Colleague: 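My questions all concern the structure below.
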4 protein chains.
Amino acid sequence: MNSLFERLLSTSEVMEALSDRHFVRAMLHFEAALARAQASVGLIPQTASASIVGTCKVELFDVLKLVREAGSARSATQPLVKSLRETVGLFNPEAERYVHFACSDQDLADTAQVLITRDGLDLISADLSHILTRLQELADSHATTPMLARSPLQASTITTFGLKCVQWAAPLQRAQQRLGLAADKALSLQFGSLAGPQAELQGKGQQMLALMASELKLKAPSLPWRTQRDEWVALACELALLVASLASLAQNMLQLAQYEVAELTPPDNSCSVALAAAQRMPQCLSSLLLTLAQDHDGGLGHWQAALAEWPTLLMSTHGATRAMALALTGLQVNTDQMRSHLEARRAAAPSREPAALFAPELAQQAAELARQHLLDLHAITAS
Amino acid sequence: MNSLFERLLSTSEVMEALSDRHFVRAMLHFEAALARAQASVGLIPQTASASIVGTCKVELFDVLKLVREAGSARSATQPLVKSLRETVGLFNPEAERYVHFACSDQDLADTAQVLITRDGLDLISADLSHILTRLQELADSHATTPMLARSPLQASTITTFGLKCVQWAAPLQRAQQRLGLAADKALSLQFGSLAGPQAELQGKGQQMLALMASELKLKAPSLPWRTQRDEWVALACELALLVASLASLAQNMLQLAQYEVAELTPPDNSCSVALAAAQRMPQCLSSLLLTLAQDHDGGLGHWQAALAEWPTLLMSTHGATRAMALALTGLQVNTDQMRSHLEARRAAAPSREPAALFAPELAQQAAELARQHLLDLHAITAS
Amino acid sequence: MNSLFERLLSTSEVMEALSDRHFVRAMLHFEAALARAQASVGLIPQTASASIVGTCKVELFDVLKLVREAGSARSATQPLVKSLRETVGLFNPEAERYVHFACSDQDLADTAQVLITRDGLDLISADLSHILTRLQELADSHATTPMLARSPLQASTITTFGLKCVQWAAPLQRAQQRLGLAADKALSLQFGSLAGPQAELQGKGQQMLALMASELKLKAPSLPWRTQRDEWVALACELALLVASLASLAQNMLQLAQYEVAELTPPDNSCSVALAAAQRMPQCLSSLLLTLAQDHDGGLGHWQAALAEWPTLLMSTHGATRAMALALTGLQVNTDQMRSHLEARRAAAPSREPAALFAPELAQQAAELARQHLLDLHAITAS
Amino acid sequence: MNSLFERLLSTSEVMEALSDRHFVRAMLHFEAALARAQASVGLIPQTASASIVGTCKVELFDVLKLVREAGSARSATQPLVKSLRETVGLFNPEAERYVHFACSDQDLADTAQVLITRDGLDLISADLSHILTRLQELADSHATTPMLARSPLQASTITTFGLKCVQWAAPLQRAQQRLGLAADKALSLQFGSLAGPQAELQGKGQQMLALMASELKLKAPSLPWRTQRDEWVALACELALLVASLASLAQNMLQLAQYEVAELTPPDNSCSVALAAAQRMPQCLSSLLLTLAQDHDGGLGHWQAALAEWPTLLMSTHGATRAMALALTGLQVNTDQMRSHLEARRAAAPSREPAALFAPELAQQAAELARQHLLDLHAITAS
């Protein structure tokens with residue numbers, strides 16, 4: 001596939017985290033946890049489990065071949081399961097039949113997706129923290145730097161760049177908190193279907209799930225979620241909200257950077273990445289929401305569409321987050337320009353305009369407001 | 001406008017709650033709270049406040065005329081403010097200049113939207129509770145009613161209709177909880193802009209806001225949110241997730257109702273309403289997400305698009321919620337059909353198929369699972 | 001419903017054209033054409049047809065009551081058909097059974113939607129022609145008015161305002177042509193279903209359709225389209241493309257109007273309307289595209305969603321078209337500002353920059369280009 | 001990137017056609033045509049052109065390295081241009097400065113995208129023709145095979161499977177025609193910007209463009225389209241409409257394949273691919289429509305979003321087209337099931353139902369209709 005343009009809007013780290021290789025590794029991680037848990041509760045022999053666990057190493061598999069076979073098999077998981085069975089069988093023919101025991105393709109694919117998503121979220125979270133720290137620093141150093149406050153077409157009043165920075169931080173901080181909550185709920189193990197209890201598990205299903213969840217460091221859900229993916233899509237909502245707030249910041253910075261204003265100089269291109277991501281995320285989310293309404297206990301095409309759409313969400317979100325982290329790191333604040341525009345505006349004020357509109361006292365109030373919000377921000381960050 | 005087709009997908013109650021008349025009433029509610037609070041903190045005279053509060057009665061205004069004028073003025077609020085000023089001025093010319101004091105169109109329109117949204121959410125919430133109660137009743141009475149579990153194209157195994165009902169309830173219960181949290185955050189007063197402190201408020205802004213919020217029973221936000229609407233759009237996300245889960249239920253019910261299956265008979269048309277709503281909500285949400293990235297402290301067209309899109313979200317959500325409440329109330333469960341399909345499938349079982357797949361023991365396990373989930377549901381509902 | 005905010009983004013003319021009253025009138029228009037055609041081919045008695053045709057007058061019906069009943073019946077058409085039958089029956093009891101003969105709700109609703117859509121398209125088309133004329137006039141008078149050409153963040157080179165105007169016209173002219181073609185295909189009569197020939201029509205279906213189509217001035221399609229609405233959605237695509245190009249024009253004008261540039265002064269608010277419309281149209285279109293994939297010969301919820309979504313498309317498109325027509329009519333071109341910015345940029349040119357970038361000769365070439373494109377535009381308009 | 005799930009919904013052919021390697025090859029194709037045309041009109045020396053043309057061979061470049069560098073440079077084209085300059089310079093230092101002369105990144109990236117899009121469209125077109133041929137064959141052999149016509153929840157009347165097939169063909173045939181027209185308009189060369197004439201081209205721009213267009217077998221547009229991409233997005237509309245009609249066919253086939261109906265047996269999974277594609281296309285199109293409204297002559301993030309979104313459109317469309325071609329090729333028609341359901345329905349007819357509804361005469365009329373439409377189809381295919 002033409003990955004060039006995706007790459008421009010993402011980062012190599014998140015593309016690596018979501019790569020085919022990492023997905024295969026996550027599937028093997030799942031299969032190993034499954035075998036270990038099933039042996040613990042007595043569903044499969046300990047020796048079989050040992051063979052399976054020993055074989056679940058990504059180095060033993062030809063990832064490119066698995067990807068090609070997935071295409072022809074129209075299944076992301078079957079070629080791996082087949083290959084795992086064969087490899088296990090080479091060393092321990094008895095164990096072959098216990099590979100992927102009582103397990104479905106969806107269990108494997110969905111849980112592997114959860115595992116690589118967790119890695120993607122970690123990357124996003126780190127850059128988001130960086131952005132918030134940087135905004136606090138800027139708010140701190142520019143708490144009293146006066147500048148024009150602008151509505152889209154006019155200079156409306158006076159503010160300080162520090163106040164602008166704490167205002168920029170506010171929705172991002174809310175996004176950080178909501179994203180954390182949504183991830184806690186969504187990062188859970190998928191096993192089984194709503195069709196009901198599986199005979200093969202001999203009533204030991206719950207116990208097995210608890211062991212697997214603990215090994216994979218995931219939540220064990222009360223019901224299988226493969227056809228009820230609301231928590232999963234709720235996580236996507238939070239990613240979309242985060243990117244929208246990043247784009248709002250990007251848009252603001254670019255407007256302060258345009259030829260006629262030039263009060264800020266962000267590094268080249270970074271803001272565009274966030275804006276591009278923000279144009280794609282809402283549609284990505286739409287697609288996912290549409291996959292929630294499922295036929296019977298299955299859904300035709302929904303699951304496939306949801307799996308294909310998901311990586312774009314994480315890639316775009318990390319692309320946007322990293323881009324804005326870089327934009328803020330390399331940001332040049334042209335305080336002279338800010339002051340000179342402010343003075344020009346004061347000089348051009350129509351006589352009927354209230355003098356207070358651009359008065360230094362207002363800038364002082366803005367500065368106090370900035371400091372006060374900054375204290376709130378620190379308090380939240382510290383807690 | 002052609003309201004016929006919107007009406008088919010909504011309810012008269014929510015259309016009334018969101019009507020132009022109720023919006024005008026909400027705007028007057030806001031103006032009265034504003035005047036009262038401003039008098040309390042000493043920004044405007046008590047007599048002026050009394051005149052304004054006394055005039056803020058929807059019966060005194062010609063709503064249809066205001067709506068027409070809004071169209072030509074390209075403003076939803078200015079005709080009302082003008083008319084309010086004139087009417088106040090008739091009785092108390094001194095008070096006229098204190099109408100809408102230090103207040104913007106966005107403060108008025110956004111807060112009025114919050115007030116009618118709260119009414120819309122109450123309607124949605126009531127019907128959602130009804131749905132959950134009804135699903136619990138069905139789960140209770142049909143805990144042991146066996147039926148085929150189906151994947152999209154096959155009869156996969158055996159389950160009970162009671163288990164199906166508790167499974168249907170699970171995502172709706174999660175939606176109910178998340179919606180409550182999101183509403184708590186989003187239903188807050190809008191006042192002021194990010195441009196910074198307003199000179200006219202003489203430093204009494206926070207005190208005034210607290211009084212207004214208390215009178216309107218809304219949260220007072222730490223920053224004005226008119227250009228940072230993330231909490232507001234997060235609420236929209238929850239509505240979209242709720243409708244998606246309702247549509248999933250509708251789709252399931254219709255599949256059990258189709259000519260060849262006929263295990264359920266829902267009342268005519270109700271399920272289609274939920275499906276239609278679910279096709280529109282994701283796009284509605286997309287539009288709102290796109291309005292989050294704002295120019296400067298304003299946004300050109302964003303605010304207008306967001307306000308126009310919002311009512312459709314509430315109308316569709318209540319349409320879908322009410323429709324499914326009716327569908328469940330009038331639902332006929334054809335247990336004979338369920339049993340006869342199950343027996344036909346058992347009789348047609350290929351010899352190589354494990355007998356356990358459709359065994360009565362599995363139905364018993366399903367029934368136990370249903371009862372257990374039902375207890376959980378009751379526990380949550382009670383708490 | 002809360003129509004206030006829809007009204008701000010639309011026009012009273014198109015809202016009137018798509019009003020419930022006009023929809024009811026269109027349904028009566030259809031029923032009259034049906035009766036007349038069926039009498040002509042001998043399916044119903046001439047006297048019955050005369051009674052029906054005579055009763056198909058919107059003045060005889062209580063539109064508000066029909067709308068209310070549509071809500072409770074969950075059908076936009078049944079209350080009218082019932083009321084029409086009763087009214088016809090009052091005068092000619094024999095004729096009652098020939099009302100809406102061999103006809104479905106979809107035939108009536110879809111064709112009535114086509115009829116009011118045609119009126120909406122006429123309004124759009126008139127304003128679009130006005131825009132194109134105005135752009136030609138501006139191009140003509142400002143062919144040689146030099147100005148800065150800007151990329152988003154920089155002054156890139158020199159152009160003329162006249163050249164800008166012909167460039168603005170180009171995609172709008174393409175939109176006009178494509179829209180005309182799409183409307184020709186989409187404005188066609190809906191009758192019957194894909195289930196196959198209807199026994200009641202006694203083989204006279206094609207003849208009857210030709211007569212009806214001729215009376216309603218619509219195309220007669222070779223197959224019923226109610227479950228194959230691709231031509232209809234293709235028309236929606238053209239509306240979305242038109243609005244996107246109008247929004248591009250609006251965005252450009254606003255950027256030339258912002259505080260720091262001020263080279264254009266468009267009338268208040270008009271450009272925002274086009275931008276708001278452009279944020280909603282793509283999602284509207286998405287919803288419609290999703291309704292194309294239908295269950296069997298019917299679709300659950302698809303048809304209802306499509307009918308509810310459609311008016312927003314026309315309302316937003318006319319809102320945007322009219323807004324830009326007004327923006328161009330009231331546009332003030334500040335040629336002094338254009339010249340002074342150009343000179344300031346020339347003066348500030350870094351020494352290593354090629355002098356040609358802002359040279360008057362380039363402006364002359366731009367002017368020639370403008371005149372040449374203008375001739376092309378005139379030629380197309382004339383043809 | 002995680003390409004596994006994209007691969008399941010696409011084909012290896014179209015992924016190859018849109019691969020990074022093919023994109024680089026297309027960029028080199030463009031650079032060679034540029035050099036040759038510029039030498040022909042005398043803008044650069046013939047010897048420089050010969051050196052450049054001789055170096056524009058994909059085998060000479062390390063595609064993986066270019067892709068990695070594109071990521072860090074945040075540009076899809078600059079690493080190639082740089083590498084091309086260096087390689088040309090090795091052999092002919094004089095020629096180095098004539099590489100990519102008077103040309104922008106957008107000219108290169110957009111035209112290369114056009115070239116690989118043409119290859120993608122050829123693949124889609126071939127499979128679409130195959131589908132239409134297969135539907136004609138099925139219509140021919142089953143013109144008189146009677147079956148139940150179903151509305152979503154009921155058996156509505158009688159039809160023939162042959163009539164169903166010609167009905168399925170109709171929207172696909174319209175899609176084929178519209179797609180051809182849209183491609184003719186959209187596949188055109190991008191060169192230059194709306195900023196106006198480029199000094200470097202010394203007035204020879206039009207002549208140069210004509211030569212390039214002829215060599216690349218593309219249309220030469222009257223104006224540069226990089227910031228007015230309406231024809232390009234109009235092409236995307238046609239792809240979305242095609243996929244929606246394919247999904248409608250897939251949905252119909254699956255409903256006839258479900259456990260309780262079993263009148264058709266399509267090959268595994270194929271229909272799901274078309275349904276999954278149809279859920280993603282409308283949102284893809286939305287994203288593209290949103291990129292049409294551009295800032296000044298540029299757009300921040302729009303161009304990047306549009307380029308990243310585009311491949312998914314082609315990949316999904318070919319995935320869906322190929323899947324339905326395979327579904328029709330491997331389709332098993334269970335005429336016995338069709339007949340037995342028809343008889344069961346006749347036997348169960350309520351006494352008040354008109355006997356004509358399921359009468360053999362209606363099936364005969366349906367058969368005649370099928371044959372007649374089939375002749376129309378042949379006529380169109382032949383013309």
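Residue numbers begin at 1 in each chain, while the letters A, B, ... track the order of the sequences. Predicted model, so just to flag it, every value in this text is computed and none were measured.
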Colleague: Test your reading of the model: is there a side-chain donor-acceptor pair from S83(A) to the backbone of P79(A), 3.5 Å cut-off?
Modeller: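 Here the side-chain-to-backbone pair does not exist.
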Colleague: Is S75(D) close to chain A through its backbone or its side chain, or both, or neither, when contacts mean heavy atoms under 4.5 Å?
Modeller: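 Looking at S75(D), just its backbone touches chain A.
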Colleague: Side chain, backbone, both or neither: which part of V67(D) has a heavy atom under 4.5 Å from chain A?
Modeller: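 Both the backbone and the side chain of V67(D) come within 4.5 Å of chain A.
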Colleague: Is a salt bridge present between R74(D) and D268(A), judged by a nitrogen-to-oxygen distance below 4.0 Å?
Modeller: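 The answer is no: the pair does not qualify as a salt bridge.
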Colleague: At a heavy-atom distance under 4.5 Å, which candidate from A17(A), A76(A), G71(A), A70(A) has the highest pair count against chain D?
Modeller: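 That would be A76(A).
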Colleague: Salt bridge check, E69(A) against K82(A): does any charged N sit closer than 4.0 Å to a carboxylate O?
Modeller: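 No salt bridge links K82(A) with E69(A).
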Colleague: Does any heavy atom of chain A fall under 4.5 Å from the side chain of S10(D), the backbone, both, or neither of them?
Modeller: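 Backbone of S10(D) only, per the 4.5 Å heavy-atom cut-off to chain A.
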Colleague: How would you list, by chain and number, every residue that makes a salt bridge (Lys or Arg N to Asp or Glu O under 4.0 Å) with E263(A), sequence neighbours excluded?
Modeller: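 Applying salt bridge (Lys or Arg N to Asp or Glu O under 4.0 Å) to E263(A) gives R150(A).
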